[in-house]
Amino acid sequence: MTILVCGGAGYIGSHTVKELIGNYEVVVLDNLSTGYPFLLDDNVTFVNGDLGDEEVLDFVFTTYKIDAVFHFAANSLVGESVEKPLMYYGNNVSSTLTLLKKMVEHGVGKFIFSSTAATYGIPNKEIITEETATNPINPYGRSKLMVEHILADVAHAHNLQYVVLRYFNAAGAHETGVIGESHDPESHLIPIILQHLLGQRDQISVFGTDYNTADGTCVRDYIHVTDLANAHVLAYEGLNSGKVSNEVYNLGNGAGYSVKEVIEACEHVSGKSAVVKYVDRRPGDPAVLVASSEKIYKALSWKPKFQLVEIIESAWRWHSKQ
Ligand code: UDP
């Protein structure tokens, strides 16, 4: 079986490749716009190209016998999406349409799609199930939800089956320490705290202390990138065996931690103290985002293995080596 991993040189894509290697042949398609060559596994066939490029897709689908597509290639920063909506709708929606069109043309019928908790916007309840209303509040969340709708329509009309995975806050690094989270510029909480604790940043800014939460800072559900990666493999196997088809699943730990709690956990893991500055809220941040992942547990027995401290420990090992 050969899997095409679009965005396999990115953070979550590269960790998923690690879980596939050994059991599947892997072809990675990545334009390296936000991915890195050092995240590419030696055992993959790498095609440097854009998934909006029909010629590249024709090349991939005619050269390799692709059984399924895992699609991670996307822009994924909320703030950037507000400033550059055309880029987000172009890369996240339009390019995905091209990919789907080429899959249908070449008869490739299995698709695993990276979606996001940002599709829920500011949810009306604290624990989010897949039934919670989707009201994205930024172009990033909207672009992902648009693709979810497109997938339902395409699956209805063509020979395509899909699973949508809505990630909560991906974090952590691979157990081997050879790959981990790397963004430029970095905007995610855990890498920023760890970079500060390693002396690479002067301080940490906490965005908002007046949220309606126990300590006033935002609460998020952090999920290890390897747990996310495993969910993709299970979802694909579930599609193949006919267990699941055309479903949407949340992927989170089901436990919420505030920004202050995450900083304390990072201090504990590193044995170092952080310099913290409290600043205004970051626009577009919901107070609390915590997943119920019951649905994928029931369907595919997926259960996260790593809790917050283990997530931070793995990230600390990776960041300490950079
Ligand atoms: N956050 C923060 N300071 C930072 C980066 C993030 O206080 O330098 C907060 C952010 O406001 C949010 C939480 O940490 O409440 C997680 O943010 P991140 O960007 O990691 O993920 P998001 O929840 O936006 O997907």
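Atoms considered below: every heavy atom in the structure, side chains included; atoms not considered: hydrogens, waters and symmetry mates. Residues take their numbers from the sequence shown, with the count starting at 1. We count ligands from 1, going down the list as the structure has it; atoms in each ligand are counted the same way.
Those atoms of ligand 1 with a heavy atom of Ser205 less than 4.0 angstrom away are 2 (C), 3 (N), 4 (C), 7 (O), 8 (O). Which parts of ligand 1 touch Cys218 is read off a 4.0 Å heavy-atom cut-off, strictly below it: atoms 15 (O).
Rounding to the nearest 0.5 angstrom, the gap separating the CG atom in Asn169 from the CD1 atom in Ile190 is 8.0 Å.
Residues Lys295 and Glu247 are paired through a salt bridge, judged by an N-O separation under 4.0 Å between the basic side chain and the carboxylate.
Residue Tyr222 places a heavy atom under 4.0 Å from ligand 1. Under the 4.0 angstrom criterion for non-hydrogen atoms, Ile192 is in contact with ligand 1. For the pair Asn169 and ligand 1, a heavy-atom separation below 4.0 Å is found.
Residue contacts with ligand 1 for Ala118 are absent, since no atom lies close enough (heavy atoms, distance under 4.0 Å). For Val259, every heavy-atom contact with ligand 1 shorter than 4.0 Å involves the side chain, none the backbone. The proximity of Val262 to ligand 1, defined as any non-hydrogen pair under 4.0 Å, does not occur for either the backbone or the side chain.
A distance-only check finds no donor-acceptor pair linking the side chain of Gln195 to the backbone of Leu197 [under 3.5 Å].
Taking distance alone, with nitrogen or oxygen atoms compared against 3.5 Å, Phe207 approaches ligand 1 more closely than that limit. Looking at ligand 1, you won't find any N or O of Val206 less than 3.5 Å from one of its N or O atoms. For the pair His188 and ligand 1, the shortest N or O to N or O distance does not fall below 3.5 Å.
Ring geometry for His232 against Phe70 counts as tilted: the plane angle lies between 30° and 60°, on a 0 to 90° scale.
Between Tyr222 and the options Asn253, Ile312, Val262, a side-chain contact (heavy atoms from CB on, under 4.5 Å) holds for only Val262.
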